[in-house]
Undergrad: 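Have a look at this one.
The figures here come from the full heavy-atom set of this structure, side chains too, leaving out hydrogens, waters and symmetry mates. Since we're looking at a predicted model, the values are computed, not measured. The sequence lines fix the lettering, A, B, ..., with proteins before strands; numbering per chain opens at 1.
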Amino acid sequence: MEINFIPIDYNYFDYEGRNYLKIIGRTDNNRRACIIDSCPVYFWAILKQDLNEKEIKRLQEKIESIRLKKESRNVEVLKTELHEKCFLGEKVKAMKIFITNFKDSHDIADHLEFKEIDKKREYDIDFITKYILEKKLKPLHWYKITGDILNNSEDFGGIDSSLEVDLCLKADKITELDNLEFKPKILAFDIETDEFDIGKGEILMISLVGENFKKVLTWKKESNHSFVEKFSDEKTMLEAFVEYVKKYSPDILVGYFSDGFDIPYLRARAEKNFTKLSLGIDGSKPVFSRGKLLTSRIQGIVHLDIYRFIKVVYSPYLQSETLSLNDVSSELLGEKKAVWIHKHSSKIKHHEWDSYYEYNLQDSVLTYKLTEKIWPDLMEFSRIIGQPLFDISRDSMSAHVENYLMNNLERYNEIIEKKPVSEIGERISKERYEGAFVYQPKPGLYENIVFFDFTSMYGSVIVSFNLSKSTYRDRKTEDSIEVDLEGKKAYFIQKKGFFPEILNDIIEKRKKYKKEYNQKKDNLSKARSNAFKLLANASYGYQGFFGARYYQQEAAAATAALARKYIKETIEKIEKAGYPVIYSDTDSISLLRDKRPKKEVLELLEKINKSLPGIMELDLEDFYKRGIWVTKRTGDFGAKKKYALINEEGKLKIRGFETVRRDWCDLARNTQNKVLEYILTEGNQKKALEYVKDIIKKIKERKVDKNDLMIKTQLKKPIDEYKSESPHVTIAKRMKELGMPVDIGMLMKYFIIEPESYQKTRTGKTKGLIRDRARLPDEEGKYDIDYYLNNQILPAVENIFEVFNLETKEIMNGKKQMKLGDF
DNA sequence: GTACACTACATACC
DNA sequence: ACTGGTATGTAGTGTAC
């Protein structure tokens, strides 16, 4: 039998003590297939140098005779082979040790206490990763697979008949095809409940959305909507949910935060109702793995929690203030959640149920659309990094980098380094190293500004200077370069290491696909370019990350040190060419062009580029018409990481200002934004001042919408772990008392009310703590005019006006008058 | 009772 | 704990006077 097959979900199972893969995917005629395959299980013992043949032979015999007793199976070494390999760039002799079951790797490795062995490696790589590396059956690539079909056979304990698949094939020969097209069958789901604590309340309804498929299952109220189906009780509804999933037979079942909420809730309610949530294609229920975050896996179907992928891969590039389904959908899809004000089901009026159903359905619609939108990225990440979708959607950025590395080490004949275990503590306690250089700006309004930036600066430094674990030396060697790290010196050899070479490849691929995208504007090259960009950006942090297999703090420190050196040298060159530099942060430099033509600036850029080492490259970011840098509030010098620019097309670029900070009230943010806009577009501060005065007037006259006064602060840890109680912690406590859901990561929303008379001093000043006057959005109380003027509006605009030496007295006057009036 | 230094915390920049 | 360091700024905390 021969089929064309695309692997989607990978699982393993044991049969007669051996490990087998159970790979679920699709055939080209859209049938669901399962491939059974296996691969050799082994790890490496790297031998000490200068062993003679006899010693090696003797060691081999000793290793091959290892037998361990375990309850479930016999543990033994099957055979060994001697290989010439590389480890961290050095040639080594290594013994390949074959065993029966990968779960014994650790145990056997622990038993190899022989003096001839220097190191043991690759016993800590999980079986699925190993299989993909070994057999090259990469996720989401098409293959021609020949093998025996298992038709109700007893093979592998009758696995064929226990799976809901169209065919089951024992793989014999695997050949990669070059087709890359694939559209998965996606089913999105979402639940609504009365209580937020997992399993505490009943599940009122479940929505399901697929292609031409929309359903809301409930057991509450009948509905006029045709997509609503009513069942007699919660249990029947849960069973119908399982049936619908089975019938739809999706490749992907996707939720938004479903690892943390929907799936655990469904499990809890299924248990309570004595029914089995048999979503797996083998009839099994979701399996949860513990970690800091709950993760749930469904056999044969990829359970995606799209929120997790968005958080790791998308969030650094999103503008959204939260990663809620609503915020992310409005940014990525231009579509919002339906409106529904949450209330307990007992309080929902008859006619209101329909909008609740609509709301529930819309959540699944958005989740479905988001998944469709993000699919090219998910697929390309999975292909490039070589990990199954399930892992791709949940792994951290450092894991992505590491998996990509592991996937590319074969051509270097490298044995893979181990994960740190005992080393972690020591690595964490290591002193931090010096990072980026940030230029101290002079406050002021500037015209005709140019921004240069280094392309993938840290990546290009790592590549150009060969900075990595395998190329690092703690003492000078014949050809090494020396980097000074605050007194300590680090050395890096010239011979190219695999890490910088692989990174160079990543950067080149990024360039290639970016170019390709600019020509074709297709999703595939966009997703590829994006994936390589993210990998390049995370590679520097990876080498400084304590959990990395290829951790080398000196390499990370040297990267930062060399980046500082080159940005400072470049600043000097620019100034020598007669352009005043006004600001610089890490990899960017801004300079004043004044009246000199752009052509000259570009010539300077070219000249600088000729002198830069290796693949380092300075690029033109943009020309700006005008820009403003302000004073630090606690000092009389320029603030770093805070500026606003307007380019020649009139587009604003605002960095660091309150405008872009979510923990300031909208009124302050919008006012500041307007002020910056007036100043930058027209270079006119008068209008801006008038605008602010008007806002002040509105505040004093209590004409401001309460919603614009809400301060939003995120709760970052459990309430009782806070050492100091800031207003948002007080609010969190109050919400909890009121029985409202409070969880880590949530945004606490509050406003500040007027002080009572006892909260005032004789002179009329407010005493006491702000948190005592913090109120929930719908709590009573008049907003405190004084607070919003002095703690929100004025701080946001004060040092902008200061740039113009504009006496803020005018504004201050307002402030004083208010105080007098208040008194 | 208040002024001040210091700490805790959140958030942004690159 | 789940890439790195640099930086600003508010509100609370503790202490001296």
Undergrad: For A:Gly547, answer base if it contacts any base atom (sugar-phosphate contacts may also be present), sugar-phosphate if it contacts only those atoms, and nothing otherwise; contact means non-hydrogen atoms under 4.0 Å.
TA: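 Counting heavy atoms under 4.0 Å across all strands, no contact is made by A:Gly547.
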Undergrad: Round to a whole Å and report the spacing from CD of A:Gln319 to C1' of B:dT11.
TA: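 Those two atoms, CD and C1', are 15 Å apart.
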Undergrad: Identify which nucleotide among C:dG4, B:dC13, C:dT6 has an atom closest to any side-chain atom of A:Arg432, counting heavy atoms from C-beta outward.
TA: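 Looking only at heavy atoms from C-beta outward on A:Arg432, the closest nucleotide is C:dT6.
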Undergrad: What is the per-nucleotide protein-contact pattern of nucleotides 7-17 of chain C, from the 5' end, where B denotes a base atom under 4.0 Å from a protein heavy atom, S denotes such proximity for sugar-phosphate atoms only, and - denotes neither?
TA: SSSSSSS----
Undergrad: Check every strand shown and say whether A:Tyr643 touches a base, only sugar-phosphate, or nothing at a heavy-atom separation below 4.0 Å.
TA: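 Touches sugar-phosphate only.
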Undergrad: Does the side chain of A:Asp786 pick up a donor-acceptor pair with the side chain of A:Asn790 at under 3.5 Å?
TA: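 Their side chains do contain a donor-acceptor pair, which is all the 3.5 Å distance test asks for.
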Undergrad: Taking CZ from A:Arg669 and P from B:dT11, how many angstroms apart are they, rounded to a whole number?
TA: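 From A:Arg669 CZ to B:dT11 P: 11 Å.
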Undergrad: Have a look at A:Glu434 and say if it touches a base, only the backbone sugar-phosphate, or nothing, with a 4.0 Å heavy-atom cut-off.
TA: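 Since only primed, P, OP1 and OP2 atoms lie under 4.0 Å of A:Glu434, the category is sugar-phosphate.
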Undergrad: Starting from C1' on B:dC13, measure out to OH on A:Tyr439 and report it in whole angstrom.
TA: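 After rounding, the reported distance stands at 18 Å.
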Undergrad: Using OP1 and OP2 only, check whether a side-chain N or O of A:Thr586 sits under 4.0 Å from C:dG5.
TA: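 Indeed not, no polar side-chain atom of A:Thr586 lies that close.
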Undergrad: Find the distance A:Asp619:CG to B:dC14:C1' and express it as a whole number of Å.
TA: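 Going from CG in A:Asp619 over to C1' in B:dC14 covers 16 Å.
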Undergrad: What's the gap between C:dC2 and B:dA10 when it is taken at their P atoms, as a whole Å value?
TA: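 So the two P atoms sit 15 Å from each other.
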Undergrad: Figure out the NZ/C1' separation between A:Lys712 and B:dT11, and round it to whole Å.
TA: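 It is 14 Å, rounded to the nearest whole Å.
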Undergrad: So, A:Glu431 and A:Lys488, do they make that salt bridge, N to O below 4.0 Å?
TA: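 Looking at A:Lys488 together with A:Glu431, the answer is no, because their closest N to O distance does not fall below 4.0 Å.
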Undergrad: Are A:Tyr307 and A:Phe257 close enough that their ring centers fall under 6.0 Å?
TA: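 Yes - the distance between ring centres of A:Tyr307 and A:Phe257 falls below the 6.0 Å cut-off.
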Undergrad: Between A:Thr631 and A:Asn799, is there a side-chain donor-acceptor contact under 3.5 Å, judged purely by atom types and distance?
TA: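 On atom types as modelled, these side chains do not qualify, holding no pair under 3.5 Å.
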Undergrad: Between A:Arg308 and A:Thr295, is any side-chain donor less than 3.5 angstrom from a side-chain acceptor?
TA: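 Their side chains do contain a donor-acceptor pair, which is all the 3.5 Å distance test asks for.
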Undergrad: Check the distance between C:dG5's P and A:Phe545's CZ and give it to me in whole angstrom.
TA: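 Atom-to-atom, A:Phe545 to C:dG5, this comes out as 12 Å.
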Undergrad: Give a yes/no on whether any side-chain N or O of A:His728 is located under 4.0 angstrom from OP1 or OP2 of B:dC9.
TA: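 So the side chain of A:His728 is outside the cut-off, no N or O lying under 4.0 Å from OP1 or OP2 of B:dC9.
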Undergrad: Taking only N and O in the side chain of A:Gln543, is any of them less than 4.0 Å away from OP1 or OP2 of C:dG4?
TA: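 No, A:Gln543 has no side-chain N/O under 4.0 Å of OP1/OP2 on C:dG4.
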Undergrad: Identify whether any heavy atom of A:Lys419 sits under 4.0 Å from a base atom; if not, whether one sits that close to sugar-phosphate; answer base, sugar-phosphate or nothing.
TA: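 It contacts nothing in the nucleic acid.
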Undergrad: Base, sugar-phosphate or nothing for A:Gly541? Non-hydrogen atoms, less than 4.0 Å.
TA: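 Result for A:Gly541 = base.
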Undergrad: Rounded to the nearest angstrom, tell me the gap between atom CG in A:Leu318 and atom P in B:dA12.
TA: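 Going from A:Leu318 (CG) to B:dA12 (P), I get 13 Å.
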Undergrad: Have a look at A:Tyr722 and say if it touches a base, only the backbone sugar-phosphate, or nothing, with a 4.0 Å heavy-atom cut-off.
TA: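 If one applies the 4.0 Å heavy-atom cut-off, A:Tyr722 turns out to touch the sugar-phosphate alone, with no base involved.
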Undergrad: At 4.0 Å (heavy atoms only), tell me whether A:Tyr433 reaches a base, stays on the sugar-phosphate, or touches nothing.
TA: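 Counting heavy atoms under 4.0 Å across all strands, the contact made by A:Tyr433 is with sugar-phosphate only.
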Undergrad: Can a cation-pi geometry be assigned to A:Lys533 and A:Tyr317, taking NZ or CZ under 6.0 Å from the six-membered ring centre and within 45° of the ring axis?
TA: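 Relative to the ring axis of A:Tyr317, which defines the angle, A:Lys533 lies inside both limits.
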Undergrad: Is A:Lys130 salt-bridged to A:Glu122, going by a charged N under 4.0 Å from an acidic O?
TA: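 Salt bridge present between A:Lys130 and A:Glu122.
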Undergrad: If you take the centroid of each ring, where Trp contributes its six-membered ring, are A:Tyr446 and A:Tyr643 closer together than 6.0 Å?
TA: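 Ring centres of A:Tyr446 and A:Tyr643 not closer than 6.0 Å.
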Undergrad: Looking only at side-chain N and O atoms, does A:Ser398 come under 4.0 Å of OP1 or OP2 in C:dT3?
TA: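 For C:dT3, OP1/OP2 do have a side-chain N/O of A:Ser398 under 4.0 Å.
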Undergrad: Just to confirm, is there a sub-4.0 Å distance from OP1 or OP2 of B:dA12 to any side-chain nitrogen or oxygen of A:Arg655?
TA: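 For A:Arg655, the contact criterion (side-chain N or O under 4.0 Å from OP1 or OP2 of B:dA12) is not met.
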Undergrad: Send over the distance from A:Arg308 CZ to C:dC2 P, rounded to a whole Å.
TA: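 About 13 Å, once rounded to whole Å.
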